[in-house]
Amino acid sequence: MNLKRYIAVALPVSMALCNNAFAQVSDYQIQPVSFTSVHVDDNFWAPKMEVNADVTIPYILEQCRKNGRIDNFLRAAHVKAGDQMTEFPFDDTDLYKVIEGASYAMQEKPNPKLDKYVDSLITIIGAAQEKDGYLYTFRTVNSSKPHPWIGDKRWVNEEVLSHELYNCGHLYEAAVAHYQSTGKKTLLNIATKNADLLVKVFGPGKLEAYPGHQIVEIGLVKLYRVTGNKQYLDLAKFFLDVRGPKGDAYNQADKKVVDQDEAEGHAVRAAYMYTGMADVAALTGDEKYLGAIDKIWDNVVTKKLYITGGIGATGNGEAFGDNYQLPNMSAYAETCAAIGNVYWNNRMFLLHGDSKYIDVLERTLYNGLLSGVSLSGDKFFYPNPLASIFQHQRSAWFSCACCITNMTRFLPSVPGYVYAKDKNNLYVNLFMSSSSDISLASGKVNIVQSTDYPWQGKIDLTINPERKLDFTLRVRIPGWAQQMPVPGDLYTFDNKQLLPVVLYINDKPVSYTTEKGYAVIKRDWKKGDKVTLQLPMQTEKVLANAQVKADVNRFAFERGPIVYCLEGPDNRDSLVQNIMIDKSAPASSNYYAGLLNGVEVIDVKGISAKRQLNSDALIQTEQEVKAIPYYAWANRGPSEMTVWIPYEASATSPKPAPTIASLSKVTSSLANKRMYAAIKDQYEPADSKDTNYPYMHWWPKNNSSEFVQYDFDKEYTISQSKVYWFDDGPWGGCRIPADYKLYYKKDDQWVEVKNTTPYAISKDEYNVVNFEPVKTTALKMVLQLPKDNSTGIHEWVVK
Ligand SMILES: [Zn+2]
């Protein structure tokens with residue numbers, strides 16, 4: 001396509017910084033090599049992009065139709081009658097994101113049928129746009145009785161919940177992708193008409209409000225780049241500068257953006273904001289923005305990053321936790337946040353030219369991002385936990401579908417992260433078999449990568465310049481190949497042996513210098529010159545900083561960029577939480593072509609630990625243990641899984657001995673039977689609000705009478721009940737119950753037990769009730785939920 005490319009580079013950012021903090025410079029000094037120039041044909045990413053194009057995109061388009069996303073637009077366009085809308089005012093973005101993904105995918109592989117369908121969707125979107133450019137179906141359809149999140153006038157709830165500007169941001173991103181991919185201006189015109197309205201409404205002396213959920217900043221910058229209209233860039237900067245200090249940490253509005261130095265609040269909003277700040281810093285040379293995002297980046301990679309590259313530890317606010325707060329089973333690590341983390345780290349690299357940012361990007365890409373979609377392409381994770389005891393599964397759809405549509409727009413853009421360039425420097429950042437045509441200052445070059453990465457560490461690059469060409473090749477030497485899995489001291493390898501990274505030119509080993517993590521090769525390149533990078537691909541045991549409590553006495557397997565996990569189907573009795581592996585156990589890696597679409601597996605000997613009744617001694621048995629790539633877990637049904645493997649008995653969760661409760665059948669007034677097992681799984685909560693282990697709850701019900709019942713496997717004489725309540729107050733919806741009573745079964749009648757101690761109701765401990773012994777086959781608990789809240793149960797023990 002003859003597309004208007006980015007505005008030419010005039011002044012390097014670094015020079016501009018010396019002069020005026022607001023001097024107009026053109027853009028990132030380093031520019032990504034567009035995904036349109038990089039044709040990936042490897043065995044790892046190409047099949048995944050194909051599944052995305054052939055399965056995921058049509059599937060999501062159909063889901064958008066079935067789940068009312070398209071009807072929202074049809075109603076706003078007065079094509080369809082009625083005012084029944086979907087659940088969330090940001091649902092419009094799902095359609096924008098799938099159009100973005102479809103546009104990228106069509107660039108890779110033309111698809112006239114899809115192209116036509118996208119055109120028809122764009123027509124509907126255009127018809128839903130109001131005359132002055134406003135586009136937000138929820139208000140257009142229902143302005144007289146607005147959704148509770150959106151306020152009775154445009155923008156009044158923007159800083160909190162309306163997501164009006166969030167919708168705009170995704171619209172702009174989709175419009176730019178569609179324009180760049182197809183050359184058509186249909187969606188772009190809708191986007192600029194909308195952005196022109198924003199320029200009229202927002203700004204100094206006009207409406208001075210900030211976006212409640214960031215992303216419009218990134219979108220406006222993209223619109224600026226394709227249109228050259230500087231008002232869009234100015235507005236992006238305004239939306240950042242107007243933020244804080246009187247808002248909430250939840251959406252990074254408690255301080256001015258330039259005064260922020262720690263990652264806090266909602267992780268997706270944060271990552272999009274940092275990305276937008278990098279964009280605006282690159283375009284305006286604003287040094288203060290750089291200072292802030294450099295500090296925040298250090299905070300994330302040294303204290304708030306999962307080994308999988310996931311960010312946002314807690315589901316409470318979908319947010320960053322405290323420093324070193326990285327729980328595994330309750331890890332939130334939202335797929336959208338992983339995608340945001342890739343966007344942000346790529347921008348940080350473009351600003352600084354340092355490979356450490358690509359190290360974080362690669363870690364996220366191959367692990368905590370890729371885990372968000374099933375191998376089949378039609379099941380998705382919203383949170384990406386690092387441990388499970390059956391409670392997590394990918395879903396076919398979420399009413400809040402952000403992660404699903406984000407994944408589908410992201411995957412086709414992966415080739416755009418392989419190379420970058422800066423005048424006469426060509427950066428090789430990611431390794432995947434591909435062929436690319438790249439224009440450098442001195443001329444054009446075709447570069448062919450051939451590799452079995454991430455399974456093998458040998459990467460062959462064939463350089464084919466159009467004529468003899470003098471340029472500098474900068475080949476990234478990954479941190480993981482140099483004892484530095486992540487910049488800083490959050491994670492280290494147990495094995496401290498530094499293995500050589502060897503570089504060959506035309507099959508001869510050469511010595512090389514490194515700058516900012518890149519091997520630098522400057523020469524006169526001629527057609528057919530071959531560079532070979534040999535990375536030491538060996539199985540490593542990763543240790544976390546001792547301040548990460550969740551990972552104490554545990555290690556994780558990593559091989560190259562791939563983080564591993566133990567999953568039930570590959571291990572004895574489908575159990576993994578009870579496995580312990582010695583730190584010095586030799587591990588071998590083997591390629592299994594038939595497993596999970598072909599994966600390198602780690603084989604190692606371990607020990608499984610089991611509890612027995614009436615003894616504290618564990619039964620320990622040696623067993624073969626298999627670890628699979630983390631991204632590929634949860635493709636074989638619900639199972640146990642763990643990334644962090646105990647190497648000390650104190651860190652294992654031995655398989656518990658059977659109890660009356662564990663052998664019982666659970667029935668309850670609660671409809672969701674998947675929660676039943678939680679109350680007898682024998683995982684001890686740390687306190688009542690502990691979400692690390694599964695619990696059962698009646699939320700959102702309140703003020704009602706509910707029951708839960710154990711039918712024993714045989715008749716027992718019992719005289720005690722111990723219950724541990726789930727209570728996630730003050731923010732959550734569950735509290736200890738108002739009241740409860742116990743009944744046992746006597747001749748098919750329920751008879752209240754004669755308690756000899758009171759029914760205590762307190763949180764953070766077992767509530768023990770002793771009663772006169774009864775011989776029975778069932779025990780039932782009847783509870784009264786509090787007036788304004790619900791109740792949950794972590795564990796219920798019967799003796
Ligand atoms: Zn999401």
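We count ligands from 1, going down the list as the structure has it; atoms in each ligand are counted the same way. All heavy atoms count here, side chains included; hydrogens, waters and symmetry mates do not.
Ion pair Arg347/Asp279 flagged as a salt bridge, since at least one NZ, NE, NH1 or NH2 atom sits closer than 4.0 Å to an Asp/Glu carboxylate oxygen.
Annotation: salt bridge (Lys or Arg N to Asp or Glu O under 4.0 Å) contacts involving residues 156-181, sequence neighbours excluded, comprise Arg139-Glu164, Glu173-Lys222, Glu173-Arg409.
Between the side chain of Arg243 and the backbone N or O of Asn251 there is at least one donor-acceptor pair closer than 3.5 Å. When atom types are taken as modelled, the side chain of Lys304 and the backbone of Gly321 share a donor-acceptor pair closer than 3.5 angstrom.
Protein contacts to the Zn ion (ligand 1) involving N, O or S atoms at a distance below 2.8 Å are Glu334 OE2, Cys336 SG, Cys402 SG, Cys403 SG.
Residues forming a ring pair (Phe, Tyr, Trp, His ring centres under 6.0 Å) with His170 (at least two apart in sequence, or on another chain): Tyr166. Partners of Tyr96 according to the side-chain hydrogen bond (donor to acceptor under 3.5 Å, both in side chains) rule, which considers only residues two or more places apart in sequence or in another chain, do not exist here.
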